[in-house]
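A quick write-up on the structure given underneath.
Excluded from the calculations below are hydrogen atoms, water molecules and symmetry mates; all remaining heavy atoms, backbone and side chain alike, are included.
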Amino acid sequence: MSFRSDFSLAGKAALVIGASNPLGRAAAVALAEAGADVAIATTTRSQREEVAANSCANEIWALNRKRFAQAVDVSDESDIETLVERALSEFGRLDILVNAPDLHFAKPLLEISLAEWRRVIDVNLTGVFLACRAAGREMLKREGGHIVNISSVLAERGMANGSAYCAAQAGVLNMTRALALEWAKSGVTVNAVGAGWINAGGFLADETMKRQLERYLPYKRLAQPDEISGAVVYLASDAAAYLTGQVVWIEGGALSHV
């Protein structure tokens, strides 16, 4: 069987927001491996994220693709508008947007301050809205493009002490579905990847929590970031031109668990 050319991203330009975290980084590198030029952006302006984004950009440079890294706060409207403008200036086009912000937060509801609630929603949901609006504006002009929002299994499953995070992730999924309906006639697809728990540190650096999750999952292990990125490449390719408003779940059977 020959390789289908519509899986190739050669000549395409992508923007990955949240490429400073493990899932975003894996997606950015996979897009570059498939042939795309890739712009890299952080989720927040922290020094740690900026270092991680630059490291990701270096990995893409080693694949002989155009790239740049930019530190942004995804909840800042002007940051996102400037980022999209730079991508258009450097690449001349924008075919693919991947949203992968992931600000983890866990706290009993009665202990969450309004400022904390707003920050979780702003980063995990409002940032996706801002990026979709800025990039979608250009894609609609060109009558084509692919948007992939990376969400969490907690968009479908609740978790104690996770009300703010779960609400934000659920919002991403329904925004994905709504935008798919709005933009389908213009040739812009909007899909999501629902990721399970990833073996990439963060709150899962707690070994007790990690072991509990591994016992719960049918696969008895957490996912690796590279196990998610293949779906992102597919949804960003012309092979998925007739697929929109869908969530591809890669979660080790978590949603099938009683």
[X]/[Y] ion pair, N-O < 4.0 Å:
X: Lys141; Y: Glu138; value: yes
X: Asp238; Y: Lys12; value: yes
X: Glu227; Y: Arg221; value: yes
X: Glu77; Y: Arg133; value: yes
X: Glu81; Y: Arg137; value: yes
X: Glu50; Y: Arg45; value: no

- prompt: Between the side chain of Glu49 and the main-chain N/O of Thr43, is any donor-acceptor distance below 3.5 Å?
  reply: yes
message: Is there a side-chain contact (heavy atoms from CB on, under 4.5 Å) between Ile17 and Ile80? Walk through the geometry before answering.
response: CA-CA 9 Å; Ile17 298 178; Ile80 296 300; 4.2 Å; yes
Distance in Å, [X] [atom1] paired with [Y] [atom2], rounded so as to fall on 0.5 Å steps:
X: Leu31; Y: Asp95; atom1: CG; atom2: CG; answer: 11.0 Å
X: Leu23; Y: Ile250; atom1: CG; atom2: CD1; answer: 9.5 Å
X: Asp6; Y: Ser237; atom1: CG; atom2: OG; answer: 6.5 Å
X: Arg65; Y: Phe91; atom1: CZ; atom2: CZ; answer: 12.0 Å
X: Leu114; Y: Glu116; atom1: CG; atom2: CD; answer: 10.0 Å

Is there a side-chain contact between [X] and [Y], using heavy atoms and a 4.5 Å cut-off?
X: Val148; Y: Tyr234; value: no
X: Val74; Y: Asp79; value: no
X: Val247; Y: Val193; value: no
X: Leu255; Y: Val153; value: yes
X: Ile150; Y: Val232; value: yes
X: Cys56; Y: Ile60; value: yes
X: Arg119; Y: Thr44; value: yes
X: Pro101; Y: Asn99; value: yes

task: Take Ile147 and Thr189 through the test side-chain contact (heavy atoms from CB on, under 4.5 Å) and record every step on the way to the result.
output: CA-CA 6 Å; Ile147 295 175; Thr189 69; over 6 Å; no
[Y] versus [X], side-chain donor and acceptor atoms under 3.5 Å:
X: Asn149; Y: Ser151; answer: no
X: Asp102; Y: Tyr165; answer: yes
X: Thr126; Y: Arg118; answer: no

- prompt: Is it the case that one hydrophobic cluster holds both Phe129 and Leu97, taking links as side-chain heavy atoms less than 4.5 Å apart, direct or via other members?
  reply: yes
- prompt: Is Val248 reachable from Val98 through a run of hydrophobic residues whose side-chain heavy atoms are each under 4.5 Å from the next?
  reply: yes
message: Is it the case that atom NZ in Lys107 sees more than 12 heavy atoms from other parts of the structure closer than 6.0 Å?
response: yes
- prompt: Has Trp117 got more than 12 heavy atoms of other residues, nucleotides or ligands less than 6.0 Å from its CH2?
  reply: yes
- prompt: Can you name the residues that form a salt bridge (Lys or Arg N to Asp or Glu O under 4.0 Å) with Glu59, not counting sequence neighbours?
  reply: Arg25
message: side-chain contact (heavy atoms from CB on, under 4.5 Å) for Val16 and Val38? Distances and angles first, verdict last.
response: CA-CA 7 Å; Val16 180; Val38 185; 3.9 Å; yes
message: Please verify the inter-ring angle class for Trp197 with Tyr216; under 30° counts as parallel, over 60° as perpendicular, anything in between as tilted.
response: perpendicular
message: Applying side-chain contact (heavy atoms from CB on, under 4.5 Å) to Trp183 and Thr244, what does each step give before you reach the verdict?
response: CA-CA 9 Å; Trp183 294 349; Thr244 197; over 6 Å; no
